[in-house]
Amino acid sequence: MLADARALITGRNHHAVGFGVITEQSTGFPGYNSIIGPENATIGRILLDNGYRTSWFGKDHNTPDWVASQAGPFNQWPTGMGFEYFYGFVGGDTSQWQPNLFRNTTAIYPYVDNPTWNLTTAMADDAIHWLNQLNDIDPSMPFFLHYVPGGTHAPHHPTPEWIEKISDMHLFDDGWNKLRETIFANQKKLGVIPQDAQLTPWPDKLLRKWEALSDEEKKLYIRQANVYAAYLAYTDHEIGRVIQAVEDMGKLDDTLIIYISGDNGSSAEGSPNGTPSEVLQFNGVELPVEKQMKWYDAWGTDRTIRIWPSPGPGPSIPRSNGPSRSRPISAGRGRAWRCHGRATSPISAVCARSSLMSSTSCRHCWRSPAFRRPSWSTASRKSRWTA
């Protein structure tokens, strides 16, 4: 699923633009070096050269990890690929409470001494400011806004208000088997799936049914599901604010909105039990439910640095929480806004999601000048770093 961002922003197969794998796993081989060459123009570059103002908000998992510092070079950053303004984070994921945040190519820290600050709201605020500023200066200026929030990729960091709102709805109290059946019935009612569709048989030998769980397990999984759903609802609410800003400018009818929900659903890294820390999973540590309960009340806060609920319960019920028969797919969410007067030529943009770290390296080491990468062409992952 990592291919979608590069393919959609360039219109080319992801191997043709260097992203056969994510940048953290790149090698020197053709198609796998994580470099988008100047011969592969992004949609941002094309529209910029045709009179549009262009911007990128949120996730940037396109910049090679060895140039993702203040030393640059910046030609592989959004601002070097046709997006005049960038407000977001570089890498596969980040804390929404203390993100690896940049404005253009300058690191910023608006969350310092501001414990209620959250990137999900902040990037919507910044996008709305960018839209309004442009409109105030020149209402006739066409714009392209590439909007790529972190939700619902890990870490799941909604605000306490959203967690409370979802928890009060008691959506998950009856467990994943019942929820699976309810969603399946609703999909038939809405015509999403054929009326004669059948649910995938439950894999009893691999995954337990809800009634077989202990009370403590049920309590934890309900909490995980509530936080996940809160993050999704929170993210969609903030997207709605950005769209409302376009409407408030009187430009909604003249703006093409492409909303893609894909590669950012339930993640495999959390295992059927979930986890309060993705670093545990990357090092092969499966934290028992009774030990995870230590973080029960902190789930969704900055104390849980990476959190996933259980994988989704099958292809008929995407983005839900509960076990899956097949290996879950880390899924991305991307959005693109293009205001183009009366023109209607279509475009699309999306940002892929994937896990940022591996067990052989540390995100902070990547950013530290004490570590440097000798060559992107080094094939061995472990030999890339020298102190």
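A salt bridge is defined here as a Lys NZ or Arg NE, NH1 or NH2 lying under 4.0 Å from an Asp or Glu carboxylate O, and R53 with D138 fails to meet this definition. A salt bridge between D173 and K218 is absent, with no side-chain N of the basic residue lying under 4.0 Å from a carboxylate O of the acidic one.
Note on L134 and L48: separate hydrophobic clusters, where clusters join Ile, Leu, Val, Met, Phe, Trp and Tyr whose side-chain heavy atoms are under 4.5 Å apart, directly or indirectly. Note on I163 and Y231: separate hydrophobic clusters, where clusters join Ile, Leu, Val, Met, Phe, Trp and Tyr whose side-chain heavy atoms are under 4.5 Å apart, directly or indirectly.
Both tests hold for R6 against F19: distance to the six-membered ring centre under 6.0 Å, angle to the ring axis within 45°. Cation-pi geometry between K219 and Y296 is met: the NZ or CZ atom falls under 6.0 Å from the ring centre, inside 45° of the normal.
For the side chain to side chain contact (heavy atoms under 4.5 Å, CB included) with E217, the lone residue among Q292, R208, E290, M293 that qualifies is R208. A ring pair (Phe, Tyr, Trp, His ring centres under 6.0 Å) with W162 is found for exactly one of H156, H157, H237, namely H237. F57 pairs with exactly one of F83, F86, Y85 by the ring pair (Phe, Tyr, Trp, His ring centres under 6.0 Å) rule, that one being Y85.
F102 has its ring centre less than 6.0 Å from the ring centre of W77. F172 has its ring centre no less than 6.0 Å from the ring centre of Y221.
T121 and Y234 share a side-chain donor-acceptor pair at under 3.5 Å.
Residues satisfying the salt bridge (Lys or Arg N to Asp or Glu O under 4.0 Å) test with K209, not counting sequence neighbours, are D204. Applying the salt bridge (Lys or Arg N to Asp or Glu O under 4.0 Å) criterion to R223, with sequence neighbours excluded, gives no partner residue. Not counting sequence neighbours, T54 has no partner by the side chain to side chain donor-acceptor pair (under 3.5 Å) test.
The side-chain heavy atoms of W130 and D125, taken from C-beta on, include no pair separated by under 4.5 Å. Using a 4.5 Å heavy-atom cutoff, the side chains of L131 and V246 are in contact. Contact of the Y259 side chain with the I239 side chain is registered, since non-hydrogen atoms from C-beta on lie closer than 4.5 Å.
Closest of all the heavy-atom pairs between V17 and I36 is O-CG1, 3.6 Å. Nearest heavy atoms, E238 versus Y147: O-OH, 4.3 Å.
Ring pair Y109/Y111 is perpendicular by interplanar angle, where above 60° counts as perpendicular and below 30° as parallel.
Summarising the geometry, atom CG belonging to N186 is positioned 7.0 Å from atom OG1 belonging to T182; distances are rounded to the nearest 0.5 Å. Between the CG atom in L145 and the CH2 atom in W56 there is a gap of 12.0 Å [rounded to 0.5 Å].
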Run the side-chain contact (heavy atoms from CB on, under 4.5 Å) check on I260 and L8 step by step: do they pass? CA-CA 11 Å; I260 301 176; L8 286 171; 4.1 Å; yes
